[in-house]
Amino acid sequence: MTGYSHLLPAYRQYAEMGIEERIAWIRADRWLETADARAALARLEDLLTYPPRDRMPCLLLYGDTGMGKTKIIRKFLRDHQPVFDRGTGVTSMPVVAMQMPAEPVERDVYGELLNALSAPGPSGDATYRLKTTCRTLMRRIGVRMLIIDEIHAMLTGTYRQQRVFLNVIRFLANDLKVPLICAGTDLARQALLTDPQLAERFEAFHLKRWSNTPQLAQLLASLGSILPLREPSQLGTAALRRKVLDMTDGVTVRIFRLIETVAVEAVRNGKEAITLESFDGDNLILPLVAMARRTEGRLQRRATQ
Ligand SMILES: Nc1ncnc2c1ncn2[C@@H]1O[C@H](COP(=O)(O)OP(=O)(O)O)[C@@H](O)[C@H]1O
Ligand SMILES: [Mg+2]
């Protein structure tokens with residue numbers, strides 16, 4: 001294979017593919033280890049090896065929607081999959097991630113937990129029985145960490161339901177002797193803080209919006225070194241970083257979608273590289289959020305003209 005020295009060796013082969021294949025490649029779901037994601041994963045690893053004790057530390061991973069919380073949790077789950085022991089015939093599941101129930105109701109929380117343990121419970125059972133079953137099962141399969149994503153969904157409940165839900169969280173954190181990890185928005189953090197015991201127990205990890213930092217430069221450079229464009233992109237300039245921040249407000253999902261969009265366009269129009277001009281094309285079909293901001297900006301400009 002010749003050239004493509006702007007790409008990492010393992011990714012050069014993809015630049016050889018045809019237009020449609022490369023577009024599909026650009027749009028495919030992937031994991032990229034950003035600076036914050038790496039730090040969050042390291043924190044989770046650390047908590048996983050924490051020896052059981054009376055008051056286990058808990059972690060709240062919080063940040064705006066689209067900052068990559070669920071991605072981090074999925075990656076952590078992939079790194080700690082259930083293991084089947086052939087000798088004992090027992091499956092151990094070190095990390096369990098459960099869904100938030102549609103309504104923050106106690107028995108539904110246990111119902112979801114049983115689901116996550118691959119043991120959907122008899123739905124007619126009383127709450128305390130579901131609770132006991134959860135507890136027993138978790139011990140039996142060697143759960144060492146419990147993760148609850150989208151914890152802010154509790155805010156859809158009534159005030160009373162929210163108090164009850166926080167009690168359930170407190171019970172899980174106190175009783176199971178495993179670190180409890182919650183992920184959600186800042187509103188979830190504020191809700192957790194209203195419970196003094198939980199506030200004391202939870203450490204907070206904030207996934208901050210991107211700003212013009214070396215970490216952003218690193219993210220753009222990584223994208224430039226894997227996206228299958230045949231010419232080197234100009235993702236390393238300060239002007240381009242500012243442009244990206246301006247169009248995305250520093251939200252991870254928007255940055256990924258924006259770069260993917262201009263990369264696809266660069267494949268289609270034959271330019272084969274991302275440059276500052278790539279972001280100006282009026283025919284650029286941008287993700288909704290970025291688009292809304294651009295239109296807003298244009299209207300504002302028009303209004304001041
Ligand atoms: N580390 C990452 N690697 C690749 N894509 C990511 C990463 N973080 C976020 N994304 C992109 O952003 C989208 C939203 O991320 P998600 O984890 O669902 O955000 P949140 O849970 O904080 O709302 C993902 O579907 C993915 O396309
Ligand atoms: Mg999420």
Side-chain angles (χ1 to χ4, degrees), residues 8 10-11 14 23-45 59-80 95-102 104 112 116 146-156 180-192 202 204-211 213-228 235 244-245 247-264 274 285-293:
L8 288 174
Y11 290 84
Y14 303 115
I23 290 176
W25 196 98
I26 291 167
R27 289 179 171 162
D29 197 18
R30 71 180 62 82
W31 161 256
L32 225 108
E33 195 160 284
T34 61
D36 270 2
R38 187 178 316 120
L41 287 170
R43 192 70 201 105
L44 291 175
E45 285 293 343
L59 181 78
L60 174 71
L61 184 60
Y62 77 100
D64 292 325
T65 301
M67 284 309 297
K69 303 178 293 293
T70 302
K71 269 296 224 205
I72 292 171
I73 289 170
R74 294 232 176 93
K75 166 72 172 137
F76 193 71
L77 284 168
R78 283 201 299 282
D79 291 345
H80 299 281
V95 183
V96 171
M98 63 174 272
Q99 299 284 317
M100 273 293 283
E112 286 296 343
L146 175 63
I147 303 180
I148 312 178
D149 195 3
E150 309 282 327
I151 192 97
H152 47 263
M154 78 165 141
L155 300 167
T156 59
L180 181 61
I181 312 299
C182 297
T185 60
D186 188 54
L187 287 174
R189 185 183 67 92
Q190 292 172 28
L192 275 186
F202 272 86
F205 188 108
H206 187 192
L207 280 178
K208 291 192 199 70
R209 290 196 182 201
W210 296 83
S211 53
T213 56
Q215 285 78 16
L216 176 64
Q218 173 67 51
L219 169 64
L220 295 174
S222 311
L223 284 166
S225 67
I226 66 167
L227 292 174
L235 287 164
V244 168
L245 285 174
M247 291 176 85
T248 61
D249 278 339
V251 178
T252 313
V253 64
R254 298 183 198 167
I255 296 179
F256 275 95
R257 290 297 99 81
L258 176 63
I259 300 297
E260 285 159 18
T261 307
V262 292
V264 165
I274 299 172
I285 313 259
L286 285 172
L288 223 47
V289 269
M291 182 91 112
R293 257 184 70 75

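Whatever order the structure lists ligands and atoms in, that order sets their numbers, starting from 1. Atoms considered below: every heavy atom in the structure, side chains included; atoms not considered: hydrogens, waters and symmetry mates.
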Using a strict cut-off of 4.0 Å, indicate which atoms of ligand 1 neighbour a heavy atom of T65.
-> 23 (O)

Identity of the nearest option to atom 20 (P) of ligand 1, non-hydrogen atoms only, from A40, S222, G66 = G66

Closer than 2.8 Å to the Mg ion (ligand 2), do we get an N, O or S atom from E150, backbone or side chain?
-> yes

Which value, rounded to the nearest 0.5 Å, describes the distance between L227 atom CG and I26 atom CD1?
-> 6.0 Å

Proximal ligand 1 atoms for K69, defined as those under 4.0 Å from one of its heavy atoms | 17 (O), 19 (O), 20 (P), 21 (O), 22 (O), 23 (O)

Ligand 1 contact on V253 by region, counting heavy-atom pairs under 4.0 Å | both

Under 4.0 Å from ligand 1, counting heavy atoms only, is it the side chain of R257, its backbone, both or neither?
-> side chain

Quick one: which of V251, T70, L41, D149 has a heavy atom closest to atom 18 (O) of ligand 1?
-> T70

Is it true that K208 and D36 make a salt bridge, defined as a side-chain N closer than 4.0 Å to a carboxylate O?
-> no

Looking at atom 26 (C) of ligand 1, what's its closest protein heavy atom, distance included?
-> K71 CE, 3.8 Å

Side-chain heavy-atom pair F256, L32 within 4.5 angstrom cut-off = yes

What protein heavy atom sits nearest atom 4 (C) of ligand 1, and how far off is it?
-> R30 O, 3.0 Å

Ligand 1 to T252, heavy atom cutoff 4.0 Å, flagged ligand atoms 8 (N), 9 (C)

Between R189 and Y62, is NZ or CZ placed under 6.0 angstrom from the six-membered ring centre and within 45° of the ring axis?
-> yes

Within-cut-off N or O pair, M67 and ligand 1, under 3.5 Å | yes

Backbone of R30 reached by a side-chain donor or acceptor of K71 within 3.5 Å | yes

Between Y14 and I226, is a side chain to side chain contact (heavy atoms under 4.5 Å, CB included) present by the stated rule, with each step listed?
-> CA-CA 9 Å; Y14 303 115; I226 66 167; over 6 Å; no

Pick one of side chain, backbone, both or neither for how W31 approaches ligand 1, counting any non-hydrogen atom pair under 4.0 Å.
-> both

Answer yes or no as to whether an N/O/S atom of T70 is found below 2.8 Å from the Mg ion (ligand 2).
-> yes

Atom 23 (O) of ligand 1 within contact range, any protein heavy atom under 4.0 Å | yes

I151 and L192: side chain to side chain contact (heavy atoms under 4.5 Å, CB included), yes or no, with the steps?
-> CA-CA 10 Å; I151 192 97; L192 275 186; 5.6 Å; no

May I ask you to decide if D149's main-chain N or O and K69's side chain share a donor-acceptor pair within less than 3.5 Å?
-> no

Within the side chain of H152, is there an N or O that forms a donor-acceptor pair under 3.5 Å with the backbone of T185?
-> yes

From CG (L59) to CZ (F202), nearest 0.5 Å | 8.0 Å

Of the choices D29, L32, L207, which has the non-hydrogen atom that lies closest to atom 1 (N) of ligand 1?
-> L32

Around atom 19 (O) of ligand 1, find the nearest protein heavy atom and jot down its residue, atom name and distance.
-> G68 N, 3.1 Å

